[in-house]
Amino acid sequence: MDWQQEVINSGVWVLKAYVITTLVFGLTVWALAKFTVWGGHFWSITGGYFSPKRSWRPILAVALILLLTLSAVRLDVLFSNWYNSMYTSLQKLDEVAFWAAMWLFAVLATTHVIRSLFDFYVQQAFTIHWRVWLNEQLLSGWLNEQSYYRSQYLDKSIENPDQRIQQDITVFVESSLTLSMGVVNALVSTIAFTAILWGLSGPLAIMGVDIPRAMVFLVFLYVIIATVFAIHIGRPLILLNFLNERFNANYRYALVRLREYSESIAFYAGERVEGALLRSRFAQVIGNAWAIVYRSLKFLGFNFTVTQAAVVFPFIIQAQRFFTKQISLGDLIQTAQAFGRLQDNLSFFRNAYDNFASYRATLDRLTGFRGAIEQARQLPEPDVSEQGQRLALESLTVTTPNGRLLIENLNLDISEGQPLLIRGPSGAGKTTLLRAIAGLWPYCHGKIIRPATGALFLSQKPYIPLGSLRDALYYPQALPGLKEAPPMPDESAAAGHGAPSNLDAILPPSDSAAETMDATHDEQARKVLRQVQLGHLADRLDETADWGRILSLGEQQRLAFGRLLLAKPIAAFLDEATSAMDEGLEDAMYRLVREQLPQMALVSVGHRSTLLVHHPRQLTLKLEGAWELSNS
């Protein structure tokens, strides 16, 4: 074999194959997206990433990955020819040819290693950029227009959105690239190795009839029959993989809730009930896992049998030609390798069927998630408008999702310096009215006028975000006056000889955010803590901890009043925001707010009569939509 000419031929082959494969690949993606359901789902989720209007980089990256994939196929062909030359030199006891083959192997192996490393980098960079874009698309859709909240009003709410964003995106991106390039590699390799096997294959007599190039026809027949049986056996894996994701996510969510509500559960001594729920959900996980195991045993057992039988098949067919010296040892070995490679390529869909099943399940989950976002956006929205700093309601009617009337034709104008207290029996719609004013409640009509910005809502149980106490105090504002970001983990410690005995040791300490704020803003935060009677926590402002568990509900409510003082909103809405305080603290907090923010429009929801002294106006909600506005 003339290896210098082979290099030229390889370049021409890669160029031709690249042009043809690129055209076929593009047309296939277009056809799948247009004429298949799952292809349409794929394109609806991620088609925007590959739009030339957005950027040409993803398309160029795919083009480069295709080139590298085709180069890998050509290298496999060259290795196949090398094996022929090497084994032929051994058979002929040609020492010069043998050592020449060794030098040639060094060149081929080096090229293969360089191509593999570059291909790894390009694919990893591509998947990372794709993940970043897709995560931003779904996360923005989930957050924008408060879909994360409004989706709870759908007829069928979406399950485990956290898993779909965090895990399914990663699986989707990696599987999309792996499976698509696997298909390209398999099809192109099939063509390349069919040509090799065609040249090495001889006639085979079956029942007195000579079949020319029989090896090629036998391998195709062998794999097609095996693939049909494999698809039939493996089809249930699609549903089983989908259920596996759902059951594991449900079990994990139940465990998270146990941690989140641990104190309440402990007070109720609810371990037995929680344990029964957790064990029930875990039983679903295990039951489905066994179903996957039993189905996979059938599927893998069939595949293993087919694969092992294919090992000796070409030797049996070509043995007679070898012993009659019609072919050399190198030809025999190359025939077996070409047959094996061709059988592997044709069996790609059979062997990867469970991967396709898992991918289809992931695609369905992301499609369902995206559909839930669109449905949440299509829910009716309150008519909220802006007229400077005015806060008013005009002909507002609020109902429950099933149409029960809560508030009918409410007209109200809330003035600065004239706090309003909303009262009424449970179920009258007090909190629902605040949701409507906030623009969260879809089931209302009428006009809501409020400031575009500068409105703050305090709930009975304040939300305490992850991070430091300072983060919780300023929420939802960004921290002012930051000097620098907290340090990242020390990578050098993790890269040393041997893994560290305690991986937590390489993470920054919990108070690593200290000294990140300038003195002026730091003193302001400390002053506010003292004003809301949380001065004992001033030295722990930059301590990162689970503050939602450390602080009592009363302390959390006082922290929320600190947010009011820092944010200085135009309007504030307090929903039972002092329910965990004693009457003395409640009085002190309201007096503090009125002293510090006298021009702020204040609306409170509460039952205590002690609130009346701080609210000269009262709105009393009655049942069946009735209401009454009065002055104290």
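The chain is numbered in sequence order, starting from 1. In this text the structure is predicted, and so the values were computed from the model without any measurement.
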Practice task
Report yes if some heavy atom in the side chain of Tyr251 is under 4.5 Å from a heavy atom in the side chain of Leu278; otherwise report no.
Solution key: yes

Handout entry: Side-chain H-bond candidate by donor/acceptor type, Thr431 with Asp575, under 3.5 Å
Key = yes

Handout entry: By salt bridge (Lys or Arg N to Asp or Glu O under 4.0 Å) - contacts of Arg74 (at least two apart)
Key = Glu6

Handout entry: Trp30/Phe25 aromatic ring centres below 6.0 Å
Key = no

Practice task
May I ask you to check whether Phe50 and Trp130 place their ring centres under 6.0 Å from each other?
Solution key: yes

Exercise for the section: Of all the heavy-atom pairs spanning Tyr463 and Arg563, show the shortest one and how long it is. Expected result: O-NH2, 2.6 Å

Handout entry: Close side-chain approach of Leu473 to Leu469, heavy-atom, < 4.5 Å
Key = no

Fill in the blank from the handout: Sorted by chain and residue number, the side-chain contact (heavy atoms from CB on, under 4.5 Å) partners of Ile45 (sequence neighbours excluded) come out as Leu134, Phe172, Leu363, Leu366, Thr367, Arg370

Practice task
Name all residues meeting the side-chain contact (heavy atoms from CB on, under 4.5 Å) criterion together with Pro382; count only those two or more places apart in sequence or in a different chain, and write none if there are none.
Solution key: Val384, Cys444, Ile448

Problem - Value rounded to 0.5 Å, distance of OH in Tyr443 from OG1 in Thr400 - result: 9.5 Å

Practice task
Please answer whether the main-chain N or O of Leu240 pairs with a side-chain N or O of Asn244 as donor and acceptor at a distance below 3.5 Å.
Solution key: no

Problem - Counterpart residues, salt bridge (Lys or Arg N to Asp or Glu O under 4.0 Å), relative to Arg150 (two or more places apart) - result: none

When the side chains of residues 55-64 are checked against the rest of the protein, which donor-acceptor pairs come out under 3.5 Å, sequence neighbours left out?
residue: Ser55; atom: OG; partner: Arg57; partner atom: N; Å: 3.1

Handout entry: Value rounded to 0.5 Å, distance of OG1 in Thr305 from CZ in Phe229
Key = 13.0 Å

Exercise for the section: Specify the closest pair of heavy atoms between Ala436 and Val398, including all atoms of both residues, with the distance to one decimal. Expected result: CB-CG2, 4.4 Å

Handout entry: Straight-line distance of Trp82 CH2 to Leu75 CG, nearest 0.5 Å
Key = 13.5 Å

Handout entry: Trp38 and Arg360, any side-chain heavy atoms less than 4.5 Å apart
Key = yes

Problem - Residues forming a salt bridge (Lys or Arg N to Asp or Glu O under 4.0 Å) with Asp119, sequence neighbours excluded - result: Arg115

Handout entry: Heavy-atom closest pair, residues Thr399 and Trp441
Key = O-NE1, 2.8 Å

Handout entry: Polar side-chain atom of Thr127 near backbone of Gln124 as donor-acceptor pair, under 3.5 Å
Key = yes

Problem - Step-by-step salt bridge (Lys or Arg N to Asp or Glu O under 4.0 Å) determination, Lys447 to Asp383 - result: CA-CA 5 Å; Lys447 195 166 187 179; Asp383 182 8; 5.8 Å; no

Problem - Any donor-acceptor pair under 3.5 Å from Ser180 side chain to Leu177 backbone - result: yes

Completion exercise
The reported gap from CG in Asp168 to CZ in Arg365 (rounded to nearest 0.5 angstrom) is 4.5 Å

Problem - side-chain contact (heavy atoms from CB on, under 4.5 Å) partners for Val37, two or more places apart - result: His41

Practice task
Would you mind reporting whether Thr362 and Gln167 have side-chain heavy atoms less than 4.5 Å apart?
Solution key: no

Problem - side-chain contact (heavy atoms from CB on, under 4.5 Å) against Lys461, all qualifying residues, sequence neighbours excluded - result: Leu553, Gln556

Handout entry: Contact summary for Tyr359 and Ser175, nearest pair of heavy atoms
Key = CD1-CB, 3.4 Å

Completion exercise
CZ of Phe118 to CG of Leu68, rounded to nearest 0.5 Å, is 6.0 Å

Problem - Phe42/Leu32 under side-chain contact (heavy atoms from CB on, under 4.5 Å): CA gap, chis, key distance, verdict - result: CA-CA 9 Å; Phe42 170 88; Leu32 290 174; over 6 Å; no

Exercise for the section: With sequence neighbours left out, write down each residue that passes side chain to side chain donor-acceptor pair (under 3.5 Å) with Ser80, or none if nothing qualifies. Expected result: Gln334

Problem - Polar side-chain atom of Gln152 near backbone of Tyr149 as donor-acceptor pair, under 3.5 Å - result: yes

Practice task
Please identify each residue that fulfils salt bridge (Lys or Arg N to Asp or Glu O under 4.0 Å) with Glu374, with sequence neighbours left out.
Solution key: Arg377

Practice task
Answer whether the closest heavy-atom distance between the side chains of Arg295 and Trp290 falls below 4.5 Å.
Solution key: no

Problem - Tyr153, OH: over 12 other non-hydrogen atoms inside 6.0 angstrom - result: yes

Using a 3.5 Å cut-off and no angle test, enumerate the donor-acceptor pairs between side-chain atoms of residues 136-146 and protein atoms at least two apart in sequence or in another chain.
residue: Glu136; atom: OE2; partner: Ser140; partner atom: OG; Å: 2.6
residue: Ser140; atom: OG; partner: Glu136; partner atom: O; Å: 2.7
residue: Asn144; atom: ND2; partner: Ser140; partner atom: O; Å: 3.2

Problem - Test side-chain contact (heavy atoms from CB on, under 4.5 Å) applied to Phe126 and Gln123, step by step - result: CA-CA 5 Å; Phe126 176 71; Gln123 290 201 29; 5.6 Å; no

Practice task
Please confirm whether the backbone N or O of Ser468 pairs with a side-chain atom of Asp471, one donor and one acceptor, at under 3.5 Å?
Solution key: yes

Problem - Minimum side-chain heavy-atom gap Leu70-Asn185 below 4.5 Å - result: no

Problem - Contacts of type side chain to side chain donor-acceptor pair (under 3.5 Å), residue Arg131, not counting sequence neighbours - result: Thr170

Exercise for the section: Spell out, as yes or no, whether a donor-acceptor pair under 3.5 Å connects the side chain of Arg450 to the backbone of Ala438. Expected result: yes

Exercise for the section: May I ask you to say whether Asp542 pairs ionically with Arg470, meaning some side-chain N is under 4.0 Å from a carboxylate O? Expected result: yes

Exercise for the section: Go through Leu117 and Tyr121 one step at a time and tell me if the side-chain contact (heavy atoms from CB on, under 4.5 Å) criterion holds. Expected result: CA-CA 6 Å; Leu117 292 176; Tyr121 171 77; over 6 Å; no

Completion exercise
Looking only at heavy atoms, the pair that brings Tyr475 and Pro465 closest together is CD1-CG, 3.7 Å

Practice task
Flag the pair Leu154 / Ser151 as yes when at least one side-chain heavy-atom distance between them is below 4.5 Å, and no otherwise.
Solution key: yes

Practice task
Could you pull out the closest heavy-atom pair between Trp43 and Val29, with the gap in Å?
Solution key: CZ3-CG1, 4.2 Å

Handout entry: Check: Thr46 side chain, Tyr49 main-chain N or O, donor-acceptor pair, under 3.5 Å
Key = no

Exercise for the section: Output the distance between atom CD1 (Ile128) and atom CD (Glu174), rounded to the nearest 0.5 Å. Expected result: 9.5 Å

